Amino acid sequence: MGRAFYSRRTEVVARELLGKTLVRRLGGEALGGRIVETEAYFGSGDPASRAHRGLKRYNRAMFGEPGRLFIYNVHRYWMLNIVAHRDGVGAVLVRALEPTLGVEAMRRNRPTGRLRDLTRGPGRLSQALAVDKSLDGVDVTRGESPVVVLDSPPMGPVARSPRVGVTRDLPEPYRFYVEGNPWVSG
DNA sequence: AGGAAGATCTACT
DNA sequence: GTAGATCTTCCTA
């Protein structure tokens, strides 16, 4: 997907990323899968957002060019976001994948019994794809990047709900997911 | 230098 | 279904 795809309202991009294929290039292999769950986060008006209290060193990617990764830590995990906004500030948290590529390599990164637990949830997904802060700012619209997003056919009915785990949410629901998909968290 | 928060996960019961 | 671990970053002193 190109720059124009991400240069739209954050919630539109969050909705349209469902079904797309997220690919992580690692050691000559391609790992990843179909995006089945996302959330939209905004700028100063969003109390749950990392951008809420203004520009810091660690969140500068979120204020920048759409189509770049914004990686940030919570507890001991890394959250993978793609910067997406038209006016203001925003990013889309990728919360879950249905694994389709490099399953063996992902299991090496994140040993787990159940395939279902491989990429269900933002922390698990980042472990399986070996995502950490070093990928902050990577441009996913460039073909040679270590993370890219490929267009893919739609997957099924989309539902929305309040965002997961946030202490202070917005009145509108900003979580989007593919209804009934086993890799959706929660 | 130390404390607190946080968009989580695991391992119990 | 709930308690506790764990780590990066920020804030205050």
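Below, chain A is the first sequence line, B the second, and so on; all start at residue 1. None of these values were measured; they are calculated from a predicted model. Only heavy atoms go into these numbers, but all of them, side chains included; no hydrogens, no water, no symmetry mates.
Summarising the geometry, the separation between NE2 on A:His75 and P on B:dA4 is reported as 15 Å, rounded to the nearest angstrom. Between the CG atom of A:Asn81 and the C1' atom of B:dG6 there is a distance of 14 Å, rounded to whole Å. Going from atom CE of A:Met62 over to atom P of C:dT9 covers 16 Å, rounded to whole Å. In this structure, the NE2 atom of A:His52 is 15 Å from the C1' atom of B:dA5, given to the nearest Å. To the nearest angstrom, P of B:dA5 lies 14 Å from OH of A:Tyr72. Put simply, CZ on A:Phe70 is 16 Å from P on C:dT8, counting in whole angstrom units. Rounded to an integer number of Å, the gap from CZ of A:Arg53 to P of C:dT9 is 17 Å. Distance A:Trp78 CH2 to B:dC9 C1': 16 Å, rounded to the nearest Å.
Taking the nucleotide of DNA chain B with the nearest heavy atom to each of A:Arg168 and A:Arg120, the more 5' of the two is matched to A:Arg168. Both A:Lys133 and A:Arg76 sit near DNA chain C, but only A:Arg76 has its closest nucleotide nearer the 5' end.
Proximity note for A:Arg124 (side chain, C-beta onward) versus B:dG6, C:dT9, B:dC9: the nearest is B:dC9. Picking from B:dT8, C:dC7, C:dT9 the nucleotide with the shortest atom distance to the side chain of A:Val74 gives B:dT8. With distances taken from any side-chain atom of A:Lys56 to the nucleotides B:dT8, C:dT8, C:dC11, the minimum falls on C:dC11.
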Self-check item: Test log, rule salt bridge (Lys or Arg N to Asp or Glu O under 4.0 Å), inputs A:Arg175 and A:Glu11
Solution: CA-CA 9 Å; A:Arg175 169 173 176 255; A:Glu11 67 273 30; over 6 Å; no
Apply salt bridge (Lys or Arg N to Asp or Glu O under 4.0 Å) to the pair A:Arg68 and A:Asp136, showing each step before the final yes or no. CA-CA 8 Å; A:Arg68 289 182 180 271; A:Asp136 190 55; over 6 Å; no
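The pair A:Glu144-A:Arg25 does not count as a salt bridge, with every side-chain nitrogen at least 4.0 angstrom from each carboxylate oxygen.
With hydrogens and angles ignored, the 3.5 Å screen pairs no side-chain donor or acceptor of A:Asn73 with any backbone N or O of A:Trp78.
Within 4.0 Å of A:Tyr77, counting heavy atoms only, lies at least one base atom of the nucleic acid. At a threshold of 4.0 angstrom between heavy atoms, the contacts of A:Arg95 are confined to the sugar-phosphate backbone, with no base atom among them.
A cation-pi geometry, defined here as NZ or CZ lying under 6.0 Å from the six-membered ring centre and within 45° of its normal, holds between A:Arg8 and A:Phe5.
Judged by Watson-Crick or G-U wobble contacts below 3.5 Å, the nucleotide B:dA1 has C:dT12 as its partner.
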